[in-house]
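In this chain, numbering begins with 1 at the start of the sequence shown.
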Amino acid sequence: MGRLSNKVAVITGGANGIGLATATRFATEGAKVVITDVNDTNRETALKKIGNGAIFIQQDVSKEADWAMVSRAV
């Protein structure tokens, strides 16, 4: 059982770079991970790398309506 079991992590910019590395680490610690990114080009690759049932939501963090989508997902 990981340190983040029974937790949900929402990670913006999660399809690449530091966001992807963070999401992957959180998943290995047991968190259910929701990654968001404005660009969905790397979605499938990122989800496979993260594993543990991670989901992707296309989101522009500067738009309030996009945050409403994320809050409904968790």
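Considering only residues two or more places apart in sequence or on other chains, Ser71 meets the side-chain hydrogen bond (donor to acceptor under 3.5 Å, both in side chains) condition with none of them. Remark: Asn16 pairs with Asn42 by the side-chain hydrogen bond (donor to acceptor under 3.5 Å, both in side chains) rule, at least two apart or across chains.
For the salt bridge (charged side-chain N to carboxylate O under 4.0 Å, His left out) condition, no pair includes a residue of residues 10-23, sequence neighbours left out. Listed by first then second residue, pairs satisfying salt bridge (charged side-chain N to carboxylate O under 4.0 Å, His left out) with a partner in residues 9-38 read Arg3-Glu29, Arg25-Glu29, not counting sequence neighbours. Listed by first then second residue, pairs satisfying salt bridge (charged side-chain N to carboxylate O under 4.0 Å, His left out) with a partner in residues 44-66 number zero, not counting sequence neighbours. For the salt bridge (charged side-chain N to carboxylate O under 4.0 Å, His left out) condition, no pair includes a residue of residues 10-22, sequence neighbours left out.
Hydrophobic clustering, defined by side-chain heavy atoms of Ile, Leu, Val, Met, Phe, Trp and Tyr closer than 4.5 Å, groups Val33 together with Leu4, Ile11, Leu20, Phe26, Ile35, Leu47, Ile50, Phe56.
Clustering ILVMFWY residues whenever any of their side-chain heavy atoms sit less than 4.5 angstrom apart, transitively, puts Val10 in the very cluster that holds Met69.
Judged by distance alone, with hydrogens and angles left aside, the side-chain atoms of Gln59 form no donor-acceptor pair with the main-chain N or O of Thr36 at under 3.5 Å.
Contact detail for Ala9 and Ala31: the closest heavy-atom pair is CB-CB, 4.4 Å.
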